[in-house]
Amino acid sequence: MTHLEKFTKPVLALAAAGAAVVALTGAAPSSGDWDAPRDVEARVHAAGLKMLDSEKLTMHIHPHLTVYAGGRQVTVPADIGIDRSGRKPRYSPLHTHDTTGTVHVESAVWRDFTLGQFLTEWGVHPTCRAEVDGSPVAGDPARIVFRDRQEITLRCR
């Protein structure tokens with residue numbers, strides 16, 4: 001066996017193992033896919049929302065999101081929907097402050113905000129089944145409208 005063959009066989013075996021994980025779980029083995037996006041303003045606009053210079057509290061509710069991918073819990077990152085690149089932070093009406101899974105819905109007007117908008121801000125588009133307050137949700141989880149103290153669980157491939 002040549003030196004090159006000794007090197008490439010283990011590398012090919014690792015690549016095949018990674019591909020098997022993706023095929024079995026539908027998710028990449030890396031947790032980096034679930035990080036908060038860096039292009040906050042672009043993600044917020046993609047969700048159909050506008051950045052605000054401060055948090056608005058006319059509408060102020062806190063649903064909670066728990067996410068599993070391939071059977072493992074994923075941490076909902078801090079600072080989804082918060083742009084800290086300037087002198088002062090700017091906020092989307094949908095944002096996270098920490099990694100607890102609490103989604104802050106803080107808006108100058110009462111309206112429906114959806115899980116799909118939040119996932120767009122996060123930059124993830126997983127294939128998932130959803131539960132709200134322990135009950136299965138039929139249809140597209142992106143259509144779930146956020147309500148105060150709601151417990152949303154996503155089980156993703």
Side-chain angles (χ1 to χ4, degrees), residues 18-157:
V21 169
V22 172
L24 290 173
T25 66
S30 166
S31 62
D33 295 339
W34 296 93
D35 293 342
R38 294 181 188 184
D39 56 343
V40 176
E41 191 161 354
R43 302 293 336 138
V44 169
H45 287 167
L49 302 172
K50 293 181 180 178
M51 296 298 293
L52 306 169
D53 291 329
S54 64
E55 295 172 286
K56 305 298 182 189
L57 301 177
T58 300
M59 179 180 189
H60 188 201
I61 63 172
H62 298 102
H64 184 267
L65 179 62
T66 304
V67 179
Y68 295 92
R72 293 188 177 184
Q73 188 166 353
V74 172
T75 300
V76 177
D79 288 344
I80 294 172
I82 300 177
D83 182 359
R84 297 187 185 280
S85 65
R87 280 192 1 225
K88 290 177 31 180
R90 298 183 71 224
Y91 301 87
S92 164
L94 303 177
H95 58 270
T96 61
H97 288 284
D98 54 34
T99 60
T100 62
T102 299
V103 178
H104 294 256
V105 181
E106 299 171 354
S107 173
V109 296
W110 275 91
R111 59 167 274 203
D112 287 346
F113 292 94
T114 66
L115 177 61
Q117 289 174 301
F118 181 74
L119 294 176
T120 297
E121 283 188 1
W122 188 356
V124 299
H125 301 285
T127 302
C128 307
R129 289 179 291 115
E131 300 164 10
V132 173
D133 296 329
S135 298
V137 174
D140 184 0
R143 293 182 179 208
I144 294 171
V145 175
F146 284 135
R147 301 286 179 238
D148 196 25
R149 299 181 190 186
Q150 182 180 49
E151 290 289 335
I152 301 170
T153 303
L154 293 179
R155 298 184 191 284
C156 308
R157 293 190 269 153

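Note that the numbering runs from 1 along the sequence shown for the chain.
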Is the shortest heavy-atom distance from the side chain of [X] to the side chain of [Y] under 4.5 Å?
X      : Y      : result
Val44  : Arg90  : no
His60  : Asp148 : no
Val40  : Ile82  : no
Glu131 : Ile144 : no
Ile80  : Arg43  : no
Phe113 : Ile61  : no

field: Ring centre gap for His64 and His62 strictly below 6.0 Å
entry: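 Centroid separation for His64 and His62: 6.0 Å or greater.
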How many angstroms lie between atom [atom1] of [X] and atom [atom2] of [Y], to the nearest 0.5 angstrom?
X      : Y      : atom1 : atom2 : answer
Thr114 : Leu119 : OG1   : CG    : 8.5 Å
Glu106 : His95  : CD    : NE2   : 4.0 Å
Arg84  : Asp79  : CZ    : CG    : 4.0 Å
Arg155 : Gln73  : CZ    : CD    : 9.5 Å

query: Is it the case that more than 12 heavy atoms not belonging to Arg38 sit under 6.0 Å from its CZ atom?
result: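 Open: at most 12 neighbouring heavy atoms sit under 6.0 Å from CZ of Arg38.
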Please name the pair of heavy atoms, one in [X] and one in [Y], separated by the smallest distance, quoted to 0.1 Å.
X      : Y      : answer
Ala78  : Thr99  : N-CG2, 3.8 Å
Asp112 : Gln117 : O-OE1, 4.2 Å
Ser54  : Lys56  : OG-NZ, 3.2 Å
Ala130 : Leu154 : CB-CD2, 3.7 Å
Val74  : Ala69  : CG2-CB, 3.7 Å
Trp122 : Trp34  : NE1-O, 2.8 Å

Full working for side-chain contact (heavy atoms from CB on, under 4.5 Å) between Leu65 and Leu115: CA-CA 9 Å; Leu65 179 62; Leu115 177 61; 4.2 Å; yes
task: Evaluate the side-chain contact (heavy atoms from CB on, under 4.5 Å) criterion for residues His97 and Tyr91: first the C-alpha distance (whole Å), next the side-chain angles of each, then the deciding distance (0.1 Å), finally the verdict.
output: CA-CA 10 Å; His97 288 284; Tyr91 301 87; 4.1 Å; yes
message: Could you walk me through whether Glu55 and His104 satisfy the side-chain hydrogen bond (donor to acceptor under 3.5 Å, both in side chains) test, starting with their C-alpha distance in whole Å, then the side-chain angles of each, then the deciding distance to 0.1 Å, before giving a yes or no?
response: CA-CA 10 Å; Glu55 295 172 286; His104 294 256; 5.5 Å; no
Given 3.5 Å as the limit, does a donor-acceptor pair link the side chain of [X] with the main chain of [Y], or not?
X      : Y      : answer
Ser107 : Val109 : yes
Gln150 : Val145 : yes
Thr96  : Pro77  : yes
Ser92  : Met51  : no

